[in-house]
Student: 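What follows is a single structure, and I will ask about it in a moment.
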Number of protein chains: 2
Amino acid sequence: MKTINAFDPATLGTLPERRQALIRRREALLGPAYRLFYQDPVELVRGQGVWVWDAEGKRYLDAYNNVVSLGHCHPHVVQALQRQAATLNTHTRYLNEALLDYAERLLAMHHPSLDRLMFTCTGSEANDLALRLAQFHTGGSGVIVTDWAYHGVTASTAACSPSLGAPGAGPLRVYTVPAPSGGSEGVGAAFAAGIEQAILRMQAEGVRPAALLVDTLFTSDGVYGAPAGFLQAAVACARSVGMLVIADEVQPGFGRTGTHMWGYQRHGIAPDLVTMGKPMGNGHPLAGLCARQDLLDAFGRETRYFNTFGGNTVSAAVGMAVLDVLEGERLMENAHAQGAYFSQCLQALARRHAWIGEVRQFGLFLGVALVHDGDPARPAAAATTRVVNGMKDRGVLISACSRSANVLKIRPPLVLERAQVDVFIEALDDCLRGLSGS
Amino acid sequence: MKTINAFDPATLGTLPERRQALIRRREALLGPAYRLFYQDPVELVRGQGVWVWDAEGKRYLDAYNNVVSLGHCHPHVVQALQRQAATLNTHTRYLNEALLDYAERLLAMHHPSLDRLMFTCTGSEANDLALRLAQFHTGGSGVIVTDWAYHGVTASTAACSPSLGAPGAGPLRVYTVPAPSGGSEGVGAAFAAGIEQAILRMQAEGVRPAALLVDTLFTSDGVYGAPAGFLQAAVACARSVGMLVIADEVQPGFGRTGTHMWGYQRHGIAPDLVTMGKPMGNGHPLAGLCARQDLLDAFGRETRYFNTFGGNTVSAAVGMAVLDVLEGERLMENAHAQGAYFSQCLQALARRHAWIGEVRQFGLFLGVALVHDGDPARPAAAATTRVVNGMKDRGVLISACSRSANVLKIRPPLVLERAQVDVFIEALDDCLRGLSGS
C-alpha cells in the first residue's frame, strides 16, 4: 500500500547524515506502519503562527496543518492548557462545570436536533463510537463510504477507510460508492444513485443497512464540496432504508470552509451523528461527537462509556480556549476572505500552467488537481509528488490526496494572511515552471 | 447494565441544590452512557499530590487514581507540558528526536524481545491496535479474555470487555474464562485449564485462535496477581495453538505493583504485545504498545498507521518527564514500601472486622473483598457500595470492582506517604464499624 508523499526507505543513503541517523534510529524503535513525509523528511523543532522551523533553522509556511487551525502555539490556548494542567486534570466521572460550559457552547454551534455530546481523544475514537451507535440503533451492519475515504485507525474505522488499504475483516459490511467528483449540478443525483446501488447490493446480500458515513468535504477522495447542497439527495436516499447519516467533520469542521462552522451546514442537512476532531484542541488530543438524544439514550441504558482522558478538565479548558480564538479572531471569516484570494491566485496560475486541471476551494481547504496537458482524464501523479517535494524545498509544506494521487491538498492554519498566500503562490509557480514536459 | 458505584439519577432530588443543578445540566448536554461516581457525586476543582478538593473546599485523599501516579499536577510534568506546548506541537510524520529518546528509554524497560513501539492516545486505541495486529498475524479471530475483563471502549475492545455488558457483534469471536481468583499454588493450572477449554470451544466452532488478552493484574475481575508466575501455564497453553499473548498493562503498568515495572514481569513471561496507557502521561492523553518487530513488519507493509495526536511532540515531552519522576523519586520502591505497610494495616483491620474476606495487595494496587461473616462465598455488594460512599463522606476516594461488585479497588498515587495510609485506614475502620449487622 503506497502512501502519498511517503518517504521511501530505499533512498535513505542519499540523505544528509543527521537525517540518515535519525531515520535509522526511528526504524530501530518505532513500528514500520508509521510513514514519514517527503523524499527528504523534515525535522521540525519550533512553530509559531503559520510558520515552522526545522533543526537547521530553515523556515516553512505550514500549509498542511488542519490541526493547529489557530496557528502553532497560539498563546491563548497554550495559557489555558498551562493553567488547567497546573490546577486539576481529572475525568468525567466527577462533576466539572467547565466541561458543561464547553459542551453547551459547542452544541449551540450545531443543528438544534443534535443535542447531546460525547467526548473522546481522537477522531478515530469518535467515528468508532458513531459506528457503534449506528449499529446499536439500527441492528444493521451495512455501512456506505466513498471509495477513497479515510475515517480512522481503529479496527472498525480502518475497515471504513479504503484509502488505508488492507481493511481486514470487520463487524461491518462496508460498501463503497464513487466520490461526488462532478462539481456541477448533476453531482448530487449521481452521488445518490451510487448510494442507491450500494443499498441494492447490500439488500441482495441480506445485509441490514446501518449508516452512511461521509466526510462532508470528501477530503481524502480529492476535496469535493460543490455545489453546496448536493448531499441532500444522498441523505434522503440513505434515510429511505433507515440508515443513519454520520457526518465526519474531523477535517472540514471548525470553520475551515469559511462559510459555515461545519461541512454539513453547507449542504443544508441535519445528520444523525456528527464527529469532530483534529483542530478541536489546536493540537491537544481532543475529539468528540454530537448526536440526537434518542440515539444515545438506548445505548446509554445498555452500556456505559468512559474515556479516561476524553473530556477531562484540561481538554475542556483547551477546547473552550480554541472557541474563544476562533470567534474572537473571526477566523472563519478570515478563511473565507483568504480562501477566495487564494483561489483567485491559483486560477491565475492555472491560466499559465496546463498542469493545473482544476482548483477546488472551500474557505482554506483547497484541492488542486494536477493533470497532463489540462486533460482532467490524465492525472499527473508523478508531477504531484515532485511538486509536493519541490514546495518543501521552497519552504512550503503541503501534501496530496485522491485515489489517483494527483490532488495537492492545501490546508493552512486559518490565521493565514494575504502576504503568506503570495509566498505560497510564488513557490508553486516556480515549482510548476520547473516541471519538465507537460 | 449496572455500573459499580454509579450515581443513580432516581435519587437526584435528595441532593444539595448546586449538585442537582449541575447534574441536570449535564443530563441535558452529555450522552447518558457516561456515569457519575457516588450516590452524591463529587465536583472536583483542584488537585495537588495525593489530594483533591471539591467546590466547597473539602479535601479528599485520592486513593482511586491510577492516572496521576506521580500525584496531581506534578510540577516537573506540568512544566514539560508547558514548555513543549509553547514550542511545537506536531506529529510523527515529521522527525522528532525527543520522541526517539523517549521510545528508547521506554523500550529499555521492557523484555528485550519487545523491540518496537507504536503510540496512541488512549489504552482503548492501544488494545484495539494490538487486536488488529493479532488478527493480521494469525489470520484468526478467536480471542480469550477473563469473564469480567475490561479492555476498552472501541467497537473491538468493548467486545473484549464483558464487564461493560452489551458487547455487540464484533469481528472477533470472544471466549471468556474464569479469572485466576485462587491465590494459591493451583491457580496457574486452573487458569490454564480454563483457557484450554476455551480453545476447545473455539475449535469446535471452527474459529481460528488469535489472541489471549489479559490485564496482568486482572484488575476488573477483582485484582488477582498471586502467586507470581501463575501466568506461565496460560501463556504456554495459548502459544500451543499459535495464539499471540497480549499483556494489557494499562492498569498494572509503570511500577504500580511495587516490584516490577510491568505486571507481566512479575510472572516471568514475555508477551508478544504489551499495551500501556493511563499513568503514561500522568493525565495527558498518552498510550501505546510495544511488540516484537516481526509482528509489526508485515502489518506495516500492508497498511499505514497514523494517529494524529499519538506520539506528538508534546506527548513525547510529557512521557519523558513522567519517567524522570518515576525513576528520580523512586516511586516503584515507594509503592513497594507503602503497599506493604498498607497491607499490614488492612490485615489488622481484617482481624477486627468480619466484613473483610480477603486483602489482595500488589504494591499500591489493592483489592479488599468484603463478605458476610468472613465467608468468601458470600460477597457483600451492598455493604461495598456503602463503604465506597462512606469513605467519600470521610474524605477518601476509592471505588469497587469484580463481577460480584464486592471488592474495594484501591489505587492511590505512587507518591503516597505512610501518614496518608493511616488516614485511609482510620476512615475504613470507621466505615466498617458503621455497617449494621455483618
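Residue numbers start from 1 in every chain, and the chains themselves are labelled A, B, ... in the order their sequence lines are given, proteins ahead of strands.
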Student: With only heavy atoms counted, which part of B:Val67 is less than 4.5 Å from chain A, the side chain, the backbone, both or neither?
Tutor: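 Contact with chain A is through the side chain of B:Val67 alone.
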Student: With a 4.5 Å heavy-atom cut-off, do A:Glu27 and A:Pro9 have their side chains touching?
Tutor: yes
Student: Examine whether an atom of B:Gln84 lies under 4.5 Å from a heavy atom of chain A, and if so say whether it belongs to the side chain, the backbone or both; otherwise answer neither.
Tutor: neither
Student: Given the options A:Asn65, A:Leu29, A:Leu22, which has more heavy-atom pairs under 4.5 Å with chain B than any of the others?
Tutor: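 Highest number of heavy-atom pairs under 4.5 Å: A:Leu29.
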Student: Select one option (side chain, backbone, both, neither) describing which atoms of B:Arg18 are under 4.5 Å from chain A's heavy atoms.
Tutor: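 When you check distances to chain A, only side chain atoms of B:Arg18 fall under 4.5 Å.
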Student: Do the side chains of A:Asp40 and A:Arg19 get close enough for a salt bridge, i.e. N-O under 4.0 angstrom?
Tutor: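 Salt bridge: yes.
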Student: Could you give me the CA-CA distance, side-chain angles and deciding distance for B:Lys392 and B:Tyr60, then say whether side chain to side chain contact (heavy atoms under 4.5 Å, CB included) is met?
Tutor: CA-CA 8 Å; B:Lys392 191 213 77 172; B:Tyr60 301 85; 3.9 Å; yes
Student: Would you call B:Arg25-A:Asp101 a salt bridge at under 4.0 Å N-O?
Tutor: yes
Student: Side chain from CB out, backbone as N, CA, C, O: work out which of these in B:Tyr150 comes under 4.5 Å of a heavy atom of chain A, or both, or neither.
Tutor: side chain
Student: If every non-hydrogen atom of B:Val143 is compared with every non-hydrogen atom of B:Cys160, which pair is closest and at what distance?
Tutor: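 Where B:Val143 meets B:Cys160 most closely, the heavy atoms are CG1-SG, 4.1 Å.
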Student: At a heavy-atom separation under 4.5 Å, does B:His91 approach chain A through its side chain, its backbone, both, or neither?
Tutor: side chain
Student: Just so I understand: if I count every heavy-atom pair under 4.5 Å between each of B:Asn96, B:Asp115, B:Thr154, B:Asp54 and chain A, which residue has the most?
Tutor: B:Thr154
Student: Between B:Met118, B:Arg93, B:Glu43, which has the largest tally of heavy atom pairs under 4.5 Å with chain A?
Tutor: B:Arg93
Student: In the structure I gave you, are the side-chain heavy atoms of B:Asp128 and B:Leu131 within less than 4.5 Å of one another anywhere?
Tutor: no
Student: Apply side chain to side chain contact (heavy atoms under 4.5 Å, CB included) to A:Leu117 and A:Leu106, showing your working.
Tutor: CA-CA 9 Å; A:Leu117 266 166; A:Leu106 198 55; 4.1 Å; yes
Student: Check whether any side-chain N or O of B:Asn282 sits under 3.5 Å from a backbone N or O of B:Gly71 as a donor-acceptor pair, and report yes or no.
Tutor: yes
Student: Side chain from CB out, backbone as N, CA, C, O: work out which of these in B:Leu30 comes under 4.5 Å of a heavy atom of chain A, or both, or neither.
Tutor: both
Student: Out of A:Gly310, A:Ala103, A:Ala86, A:Gly311, which one racks up the most heavy-atom pairs below 4.5 Å with chain B?
Tutor: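 Of the candidates given, the most pairs with chain B belong to A:Ala86.
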Student: Below 4.5 Å, heavy-atom pairs only: which of A:Val45, A:Val314, A:Leu88 has the largest tally toward chain B?
Tutor: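 Heavy-atom pairs under 4.5 Å are most numerous for A:Leu88.
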Student: Chain A heavy atoms under 4.5 Å from B:Thr92: which part of the residue, side chain, backbone, both or neither?
Tutor: both
Student: Please tell me if the side chains of B:Leu129 and B:Phe299 come closer than 4.5 Å, counting only heavy atoms from C-beta onward.
Tutor: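 When only atoms from C-beta onward are counted, B:Phe299 and B:Leu129 do touch, with a gap below 4.5 Å.
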Student: Would you please test B:Arg35 and A:Phe306 for side chain to side chain contact (heavy atoms under 4.5 Å, CB included) and show each step?
Tutor: CA-CA 8 Å; B:Arg35 304 281 189 271; A:Phe306 174 63; over 6 Å; no
Student: Run the side chain to side chain contact (heavy atoms under 4.5 Å, CB included) test on B:Val42 and A:Leu95 for me, step by step, so that the C-alpha distance in whole Å, both residues' side-chain angles and the decisive distance to 0.1 Å come before the verdict.
Tutor: CA-CA 6 Å; B:Val42 183; A:Leu95 289 167; over 6 Å; no
Student: Answer with yes or no whether the side chains of A:Thr122 and B:Glu125 bring together a donor and an acceptor at under 3.5 Å.
Tutor: yes
Student: Between B:Gly281, B:Ala33, B:Gly123, which has the largest tally of heavy atom pairs under 4.5 Å with chain A?
Tutor: B:Ala33
Student: Could you tell me which portion of B:Thr90 (side chain, backbone, both or neither) has an atom closer than 4.5 angstrom to a non-hydrogen atom of chain A?
Tutor: side chain
Student: Picking from B:Lys278, B:Gln79, B:Gln293, B:His72, which has the most non-hydrogen pairs under 4.5 angstrom with chain A?
Tutor: B:Lys278
Student: Out of B:Leu100, B:Ile23, B:Val78, which one racks up the most heavy-atom pairs below 4.5 Å with chain A?
Tutor: B:Leu100
Student: Do you know the tightest heavy-atom contact between A:Pro32 and B:Asp297?
Tutor: CG-OD1, 3.3 Å
Student: What option among A:Pro285, A:Ser315, A:Pro41, A:Ala55 has the most heavy-atom pairs under 4.5 Å with chain B?
Tutor: A:Pro285
Student: Taking every non-hydrogen pair under 4.5 Å, which of B:Gln48, B:Glu104, B:His74 racks up the most with chain A?
Tutor: B:Glu104
Student: Is B:Leu397 close to chain A through its backbone or its side chain, or both, or neither, when contacts mean heavy atoms under 4.5 Å?
Tutor: side chain
Student: Where on B:Leu286 is there a heavy atom nearer than 4.5 Å to chain A: the side chain, the backbone, both, or neither?
Tutor: backbone
Student: Side chain, backbone, both or neither: which part of B:Val52 has a heavy atom under 4.5 Å from chain A?
Tutor: side chain
Student: Which of the residues A:Val77, A:Val153, A:Asn89 is involved in the greatest number of heavy-atom pairs with chain B at under 4.5 angstrom?
Tutor: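 Highest number of heavy-atom pairs under 4.5 Å: A:Val153.
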Student: When you compare the side chain of A:His284 with that of B:His284, does any pair of heavy atoms fall below 4.5 Å?
Tutor: yes
Student: For B:Phe119, which atoms come within 4.5 Å of any heavy atom of chain A: side chain, backbone, both, or neither?
Tutor: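 Both backbone and side chain.
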